[in-house]
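In listed order, ligands and their atoms are each counted from 1. Quick caveat: nothing in here was measured; it's all calculated off a predicted structure.
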Amino acid sequence: MAMSSKTSAATDVTVLGAGAAGVAAAVVAARSGCRVIVIDNGSVPGGQYFRGAATETSSAVNSRPADLSYAELRIEFDRLVASGAIDYRARWTAYAASIDDAGFVIRLRGDDRHRSEIDAVTSAAVVVATGAFDRQLPFPGWDLPGVMSGGGAQSLAKGDDVVPGRRVVVAGTGPFLLAVSSTLLDHGASVPAIVEANHPARMMTQTSGLRGGLGKTGELIGYARQLVRHRVPYLRRHRVIEAIGVDRVDAVRIARIDADWRVIPGSERVVECDALAVGYGFIAQTDLAGQLGAAMALGADGGLVVDVDDDLATSVAGLFAAGETTGVGGVEAARVEGLLAGASVADYLGRPPALTSRGLDVVRRDVAMWQGFADALHTTFPVRDGWRGQVRSDTLVCRCEEVDAGQVREAIDDLGARDTRAVKLFTRAGMGWCQGRVCGSAVDSLCGFGTTQSLGGAATRPLAVPVPLGALANDQMEG
Ligand SMILES: Cc1cc2nc3c(=O)[nH]c(=O)nc-3n(C[C@H](O)[C@H](O)[C@H](O)COP(=O)(O)OP(=O)(O)OC[C@H]3O[C@@H](n4cnc5c(N)ncnc54)[C@H](O)[C@@H]3O)c2cc1C
């Protein structure tokens, strides 16, 4: 896409995303003397986990960065923004990224109320820390009002103090279901059931995750106590196989499933509710790194991630990635990866290290520990193929373009599609507003062509988010 534009700033490092990873990377890079711009589409730093959370008061600003908790990093981040060392651009979305003679060029648009505002920044290096979004698997009724992603339900409650219903069933897989349930209970909803497709006891056999797991024990005990206090049933090896309702969901059909997620005949029953929060793990946001030409890899959960080396450098010189973009590993993994990426980008630019060599060793050790924990989680809470058997022909798979599973099967069986791209062209699945973010991995899986299809797919979208055509035209004229 040949586009030119005005450029409001040229700098050393652009950090994309101000979650735990982006904040940590920006602090370490700025402490090394790099001029840093941080782009984030939220109104406050913190990303999915810390957005809106109050920061603790702390005198830690003189501590060594390797030891800083997120709250302490956030205080340091605010201090560096106030001093001008970090140029923090809240409510701006990076919609495209490219490389030219001036370096990395990141194109920005304003937030939802200011989509026509366009800007661009140029830098010698980039850290991509854009996080992840919920993985959705289609099932009959998932398009009914009242059915939403676990992350969506949590953002509503955390960000706006609104719950999606009085009785919210929470379903899918992974410990995130506990976090969502806890948030909903804290905000006054009841949870008739948590429906977990896997068996968490398997985690006990995962030695790679032991050390990270021990660090999470307190959090888990807190959730367990809360669930017992509110008498929330925690159903293992169960799935929601249908959301039932006319104008909106008023019940869900659940069933016991085997280890491959096939329904055990005769185990179905109905649970009444007025909302369903559902999610099957997360998918890394790789679009911007993909536009810059970074190689991709398949993460431990089978999803597409940015391929990085031990320093978190991508295959493109000067481009680094941290946090969920390199593999979905939780907030602590994101924080320590951010520290490492900040140190690596400063080193790439020839700046003095902000971390001592001992501090860097500690960070590398922590990165390895949290990656081990993430691997253990993915082994314990995988997505099994049996879910495909619960998708009926009339189940919508691409909600934007209203494509059902029958049309996808027809494209393969009758029209001869032999890869996911052909299926997309025949059916328009993935061509709508979300550009395959919601349906892409599910359609890939339903097609059953194997994982290699994914490597070239989502990574090459020319626009990371929708941009008004008028704004693009202005961008062209102002260049
Ligand atoms: C919806 C959701 C809810 C979660 N809730 C929990 C929880 O309750 N408990 C828990 O332990 N873990 C939770 N997680 C996981 C946890 O949030 C992550 O492990 C952690 O936040 C990862 O940090 P990060 O910095 O990699 O990404 P994030 O925290 O996701 O930060 C990425 C930032 O980049 C911004 N961004 C993305 N794309 C662009 C763009 N194109 N332009 C500008 N900005 C952009 C995002 O808005 C975000 O602010 C949740 C994850 C998600 C997706």
Item to check | Geometric N/O contact A94 with ligand 1, under 3.5 angstrom | outcome: yes
Checklist entry - What are the atoms of ligand 1, with element, lying closer than 4.0 Å to any heavy atom of A334? => result 22 (C), 23 (O), 24 (P), 26 (O)
Next on the checklist: Distance under 4.0 Å to a non-hydrogen atom of G19: what atoms of ligand 1 satisfy this?
Outcome noted: 25 (O), 29 (O), 31 (O), 33 (C)
Checklist entry - Just how far is it from atom CZ of F104 to atom CD of Q291, taken to the nearest 0.5 Å? => result 13.0 Å
Next on the checklist: Counting only heavy atoms closer than 4.0 Å, does ligand 1 sit against the backbone of Y95, its side chain, both, or neither?
Outcome noted: neither
Checklist entry - A25 and A341: which non-hydrogen atoms are nearest, and at how many Å? => result CB-CB, 4.5 Å
Item to check | Side chain, backbone, both or neither: T325 near ligand 1, heavy atoms under 4.0 Å | outcome: neither
Checklist entry - Is it true that L288 lies under 4.0 Å from ligand 1, counting heavy atoms only? => result yes
Checklist entry - For ligand 1, which atoms, with element, lie under 4.0 Å from some heavy atom of A179? => result 7 (C), 8 (O), 9 (N)
Checklist entry - G17 heavy atoms, cut-off 4.0 Å: which ligand 1 atoms fall inside? => result 33 (C), 34 (O)
Next on the checklist: Run the ring pair (Phe, Tyr, Trp, His ring centres under 6.0 Å) test against F176 and tell me which residues pass, sequence neighbours left out.
Outcome noted: F282
Next on the checklist: Under the rule for salt bridge (charged side-chain N to carboxylate O under 4.0 Å, His left out), what residues qualify as partners of R167, not counting sequence neighbours?
Outcome noted: E272, D274
Checklist entry - For ligand 1, is S155 a contact, meaning one of its heavy atoms is under 4.0 Å away? => result no
Checklist entry - Would the number of heavy atoms belonging to other residues, nucleotides or ligands and lying under 6.0 Å from CG of D100 be above 12? => result yes
Checklist outcome for this item: Heavy atoms of C398 and G430 approach each other most closely as SG-N, 3.4 Å
Item to check | Heteroatom distance test (Q48, ligand 1): nitrogen or oxygen, under 3.5 angstrom | outcome: yes
Checklist entry - Are any of the N/O atoms in D134 less than 3.5 Å from those in ligand 1? => result no
Next on the checklist: Side chain, backbone, both or neither: which applies to V180 and ligand 1 if a contact is any heavy-atom pair less than 4.0 Å apart?
Outcome noted: neither
Next on the checklist: Which residue is it: F381, W387, W261? I am looking for the one with a ring pair (Phe, Tyr, Trp, His ring centres under 6.0 Å) to Y280.
Outcome noted: W261
Next on the checklist: So, 4.0 Å and heavy atoms of T93: is ligand 1 close enough to count as a contact?
Outcome noted: yes
Checklist outcome for this item: For G330, the ligand 1 atoms with a heavy-atom partner under 4.0 Å come out as 19 (O)
Checklist entry - Taking only heavy atoms of A132, which atoms of ligand 1 are found under 4.0 Å from at least one of them? => result 53 (C)
Next on the checklist: Below a 4.0 angstrom heavy-atom separation, can you tell me which part of F282, side chain or backbone, both or neither, approaches ligand 1?
Outcome noted: side chain
Checklist entry - ligand 1 versus S149, non-hydrogen atoms closer than 4.0 Å: side chain, backbone, both, neither? => result neither
Item to check | Donor-acceptor contact below 3.5 Å, side chain Q285 vs main chain T325 | outcome: no
Next on the checklist: Less than 6.0 angstrom from the centroid, inside 45 degrees of the normal: does R365 satisfy that with respect to the ring of W370?
Outcome noted: no
Checklist outcome for this item: Note: ligand 1 atoms sitting under 4.0 Å from heavy atoms of Q285 are 37 (C), 38 (N)
Item to check | Reference residue Y70; test ring pair (Phe, Tyr, Trp, His ring centres under 6.0 Å); the match among Y49, F50, F77 | outcome: F50
Checklist outcome for this item: So the atoms of ligand 1 within less than 4.0 Å of a heavy atom of G323 turn out to be 26 (O)
